[in-house]
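Quick notes on the structure that follows.
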Amino acid sequence: MQAVVGDLTVHSPFRRSTEGTLEIFRKLGELEESSHDPNRPATVAEEFGNRQMLHLLRLRLLGAFLRMLDAELAAGNLASAIREQRRLLAERFDLWYSQAESDSPGPPIEIRRLVAVQLGAALIAAAHTAAANRRAADRR
């Protein structure tokens, strides 16, 4: 952002998103540094979740940033910093995308299967609760 901020002319939703996301990242970084116990090792779930969150957040931010730069170019803003950062960040996006893809725990699961598992879990929980309520009522 520092490389192009002086050349930006278009106040697009992508610019607002990029600027807002960068500010949120600054705040999250400060919060993480103040609340994290450096002596406690991360659990396997935390490590996995943090890696996946890293992929999600940086690709989302970089995607909005690229669209912001595309809006500048489409408006005729051909400043060298805009063009150079667009090229560099497109390469970075491709790299980060391939890293995220290779870090994937496996093939995507079809949404129908995911919903079926969630529904099944909810029905089992409801049946268990109903049975527990019947047993409690019988004891009274």
Side-chain angles (χ1 to χ4, degrees):
M1 184 59 102
Q2 291 174 345
V4 298
V5 72
D7 292 315
L8 297 175
T9 60
V10 178
H11 294 283
S12 69
F14 306 115
R15 181 174 178 180
R16 288 189 301 278
S17 174
T18 299
E19 291 170 341
T21 301
L22 287 171
E23 183 58 29
I24 289 169
F25 284 3
R26 280 191 222 39
K27 290 178 183 176
L28 284 174
E30 292 167 5
L31 180 64
E32 181 66 24
E33 287 177 7
S34 68
S35 66
H36 180 68
D37 176 5
N39 298 315
R40 183 182 72 81
T43 65
V44 172
E46 288 170 335
E47 187 179 319
F48 176 78
N50 287 339
R51 276 197 333 269
Q52 295 305 306
M53 187 61 69
L54 171 67
H55 296 313
L56 169 77
L57 294 176
R58 70 184 186 176
L59 286 171
R60 183 179 291 168
L61 171 62
L62 199 46
F65 202 111
L66 288 168
R67 293 182 75 180
M68 175 187 73
L69 295 178
D70 287 342
E72 293 287 337
L73 295 169
N77 183 352
L78 303 178
S80 61
I82 301 280
R83 288 180 289 127
E84 179 65 8
Q85 288 303 308
R86 175 62 176 88
R87 184 187 65 74
L88 291 171
L89 294 177
E91 291 173 5
R92 175 69 52 92
F93 185 90
D94 291 342
L95 172 67
W96 284 353
Y97 183 85
S98 57
Q99 288 173 347
E101 205 168 43
S102 68
D103 196 25
S104 174
I109 300 172
E110 168 187 355
I111 190 71
R112 178 176 287 201
R113 262 181 102 182
L114 290 174
V115 170
V117 168
Q118 290 174 341
L119 178 59
L123 292 174
I124 289 169
H128 177 75
T129 300
N133 288 341
R134 281 192 300 274
R135 285 191 302 274
D138 289 346
R139 279 181 263 175
R140 289 185 222 155

Distance in Å, [X] [atom1] paired with [Y] [atom2], rounded so as to fall on 0.5 Å steps:
X	Y	atom1	atom2	value
His128	Leu123	NE2	CG	14.5 Å
Phe25	Leu61	CZ	CG	5.0 Å
Thr21	Leu62	OG1	CG	11.5 Å
Arg26	Leu31	CZ	CG	15.5 Å

Practice task
State, with a plain yes or no, whether a side-chain heavy atom of Leu54 is found less than 4.5 Å away from one of Asn50.
Solution key: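 No; the side chains remain at least 4.5 Å from each other.
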Handout entry: Student check: side-chain heavy atoms of Leu8 and Ile82 closer than 4.5 Å
Key =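 In short, these two side chains touch, coming nearer than 4.5 Å.
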Practice task
Answer yes or no: is there a donor N or O on one side and an acceptor on the other, between the side chain of Asn77 and the main chain of Leu73, under 3.5 Å?
Solution key: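 Here the side-chain-to-backbone pair does not exist.
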Handout entry: Side-chain donor/acceptor of Arg67 to backbone N/O of Phe14, under 3.5 Å
Key =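 Side chain of Arg67 to backbone of Phe14, a donor-acceptor pair under 3.5 Å: no, none is there.
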Exercise for the section: Looking only at non-hydrogen atoms, find the nearest pair between Ser98 and Leu95 and report the distance. Expected result: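 For Ser98 and Leu95, the tightest heavy-atom pair comes out as OG-O, 2.9 Å.
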Exercise for the section: Determine the minimum heavy-atom distance between Val4 and Ala81, stating which atoms define it. Expected result: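 The answer is CG1-O, 3.6 Å.
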Exercise for the section: Please list all pairs passing the salt bridge (charged side-chain N to carboxylate O under 4.0 Å, His left out) test where one or both residues lie in residues 92-108, with sequence neighbours left out. Expected result: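 Listed by first then second residue: Arg51-Asp103.
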Problem - Pair listing, salt bridge (charged side-chain N to carboxylate O under 4.0 Å, His left out) test, anchored in residues 116-139, at least two apart - result: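 Every candidate salt bridge (charged side-chain N to carboxylate O under 4.0 Å, His left out) pair involving residues 116-139 fails, so no pair, neighbours aside, qualifies.
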Practice task
Give the intermediate values and the outcome of side-chain contact (heavy atoms from CB on, under 4.5 Å) for residues Leu22 and Glu19.
Solution key: CA-CA 5 Å; Leu22 287 171; Glu19 291 170 341; 5.7 Å; no
ILVMFWY cluster, [X] and [Y] together (side-chain gap under 4.5 Å):
X	Y	value
Trp96	Leu88	no
Val10	Val5	no
Leu69	Met1	yes

Please enumerate all residues that pass side chain to side chain contact (heavy atoms under 4.5 Å, CB included) together with [X], with sequence neighbours excluded.
X	answer
Ser102	none
Ala100	His55, Leu59
Leu56	Met53, Arg60
Gln2	none

Handout entry: Phe93, CZ: over 12 other non-hydrogen atoms inside 6.0 angstrom
Key =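 For Phe93, atom CZ is crowded (more than 12 foreign heavy atoms under 6.0 Å).
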Test side chain to side chain donor-acceptor pair (under 3.5 Å) applied to [X] - qualifying residues, sequence neighbours left out:
X	result
Gln99	Arg58
Asp7	none
Thr9	Glu72

Result block: side-chain N/O donor-acceptor pairs under 3.5 angstrom for residues 105-119, not counting sequence neighbours:
none

Practice task
Kindly write out the residues that satisfy salt bridge (charged side-chain N to carboxylate O under 4.0 Å, His left out) with Arg87, not counting sequence neighbours, or none if the list is empty.
Solution key: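 Listed in chain order: Glu84, Glu91.
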